[in-house]
Amino acid sequence: MGGRTRTVRCSRCGVQLVVPPCARTIRCAICHGITNVGSRQDPVRQAVGFVKSMVNSLNPLMSYGFGGSSMSYGCSNSTNDNSAWNLPPGYPPVQGKKRALLIGVSYRTRRYELKGTVNDVNCMRYFLCERWGFPSECVLVLTEAQADPYRIPTKENVRMAMRWLMMGCQAGDSLVFHFSGHGIQKPDTNGDEVDGYDEALCPLDFETCGVIVDDEINETLVRPLPRGAKLHAVVDACHSGTILDLPYLCRFNRASMIATCDGFLVNKNIAHACVTL
């Protein structure tokens, strides 16, 4: 391959992938399918991938079903009625082009209690509303200090809140996901992690109800993004560097920005696209 990157079509969903030098396989960030990118490629699978990409280009949201997800996210013709999305009536009705989900988990009275997570959320809310013009009514906050039981950061409430954030998402929207709390790693069960471990966020009730793994976060927050929409994620938790399961891992230093994919250096423009989504 001459040490240079090239592109191939995902053999499962047809999206175009950038192949690092010397790579034999590559995992698609959209459908999580594994494509063989060695010297010998199956022309039939490549042709199927190309046809799928043409179909998906007619309606980008159709491609989210290829990963096994049954979720459906509307765009311009979607309804913003919370009941239609199976969301609590107390959640803000989606309106405008800017909205944010801010989660702070303190794990009160436990030996691993965190100090400052609620303050993190309050500071982020102020920053978004006062500096970046986010309407206060379009910012959903989940902390243990909330009176509404649906705004306590339990696993089920966090899941519902992530669905709220993506409700009716369309081109031009600016979304923010913020999480301050504990994060862990757990053994990967589907073979899509290079290091053999999934990263996960710990909701308030994670000891009894479990964690939220990066595969689910990617399926809920990343795959439904239509072309032209932006999502900025700020996650203050251990092992959060790849919590969105994006295809590129970006590292920063004082001189420049370096992006790596499975250990290979890739183009800085691609790194910028990865950061800004």
Side-chain angles (χ1 to χ4, degrees), residues 13 15 28-32 56 59-65 67 69 71-76 78 80 85 87 91-92 94-104 120-121 124-125 127-129 131-142 153 157-181 183 199-201 212-237 239-250 252 257 259 261 269-277:
C13 72
V15 72
C28 177
I30 302 299
C31 70
H32 287 234
N56 294 342
N59 183 2
L61 293 176
M62 291 174 59
S63 63
Y64 305 136
S69 168
M71 296 166 26
S72 175
Y73 291 83
C75 282
S76 58
S78 65
N80 289 337
W85 291 75
L87 297 176
Y91 278 17
V94 173
Q95 53 184 317
K97 307 297 288 183
K98 297 180 178 181
R99 54 188 177 274
L101 169 59
L102 312 179
I103 304 170
D120 290 344
V121 167
M124 181 63 73
R125 182 187 180 101
F127 176 73
L128 293 175
C129 295
R131 299 296 181 89
W132 291 101
F134 277 66
S136 59
E137 63 272 16
C138 292
V139 178
L140 178 58
V141 172
L142 269 60
N157 286 349
V158 171
R159 284 173 160 175
M160 289 192 297
M162 290 194 297
R163 293 201 304 269
W164 169 86
L165 183 64
M166 305 307 298
M167 185 171 71
C169 180
Q170 55 186 305
D173 286 358
S174 179
L175 313 177
V176 173
F177 173 75
H178 170 84
F179 180 90
S180 182
E199 288 67 44
L201 299 180
I212 302 176
V213 298
D214 50 8
D215 293 350
E216 179 179 351
I217 297 171
N218 177 279
E219 181 179 6
T220 308
L221 296 180
V222 177
R223 297 190 203 180
L225 278 174
R227 185 181 298 274
K230 290 184 179 181
L231 169 68
H232 292 86
V234 181
V235 181
D236 184 6
H239 310 292
S240 60
T242 58
I243 199 66
L244 266 67
D245 240 1
L246 301 178
Y248 301 106
L249 175 62
C250 299
F252 297 85
M257 180 169 65
C261 174
N269 292 330
I270 297 174
H272 179 73
C274 175
V275 172
T276 61
L277 296 179

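- With rounding to the nearest 0.5 angstrom, the CG atom of Leu225 is 9.5 Å from the CG atom of Asp173.
- In this structure, the side chains of Ile217 and Val222 stay at 4.5 Å or more apart for every pair of heavy atoms.
- Closest approach of Ala229 and Cys169 over heavy atoms only: CB-SG, 3.9 Å.
- Here the closest heavy-atom approach between residue His239 and residue Glu199 is recorded as O-CG, 3.0 Å.
- Listed by chain and number, the residues in a side chain to side chain contact (heavy atoms under 4.5 Å, CB included) with Asn157 are Tyr91, Leu142, Tyr150, Ile152, Thr154, Met160 (sequence neighbours excluded).
- Using a 4.5 Å heavy-atom cutoff, the side chains of Met166 and Pro224 are in contact.
- To the nearest 0.5 angstrom, Leu175 atom CG is 11.5 Å from Lys230 atom NZ.
- One distance of note links OG1 of Thr220 with CD1 of Ile212; it measures 8.5 Å at 0.5 Å rounding.
- Side chains of Leu201 and Val235 form a contact here, defined as non-hydrogen atoms less than 4.5 Å apart.
- Distance CG/Asn218 to CD1/Ile243: 10.5 Å, rounded to 0.5 Å.
- The shortest side-chain heavy-atom distance between Lys98 and Cys138 does not fall under the 4.5 Å cut-off.
- Residues Arg99 and Met167 approach most closely at NH2-O, 3.1 Å, considering heavy atoms.
- Between Gly104 and Pro153, the shortest heavy-atom distance links the atoms O-CG, 3.9 Å.
- Between Glu216 and Arg159, the closest heavy-atom pair is OE2-NE, 2.7 Å.
- Of all the heavy atoms in Lys97 and Ala171, the pair that sits closest is NZ-O, 3.1 Å.
- One finds the CG atom of Leu165 at 8.5 Å from the CZ atom of Phe177 (value rounded to the nearest 0.5 Å).
- Taking the side chain as every heavy atom from C-beta outward, Phe179 and Asp236 never approach each other to under 4.5 Å.
- Residues Leu140 and Ile103 have side chains not in contact (no heavy-atom distance under 4.5 Å, counting atoms from C-beta outward).
- For the side-chain hydrogen bond (donor to acceptor under 3.5 Å, both in side chains) test, residues two or more places apart in sequence or in another chain that qualify with Asp120 are Ser180.
- Under the side chain to side chain contact (heavy atoms under 4.5 Å, CB included) criterion, Ala100 pairs with Leu102, Leu128, Phe134, Val139, Val176, not counting sequence neighbours.
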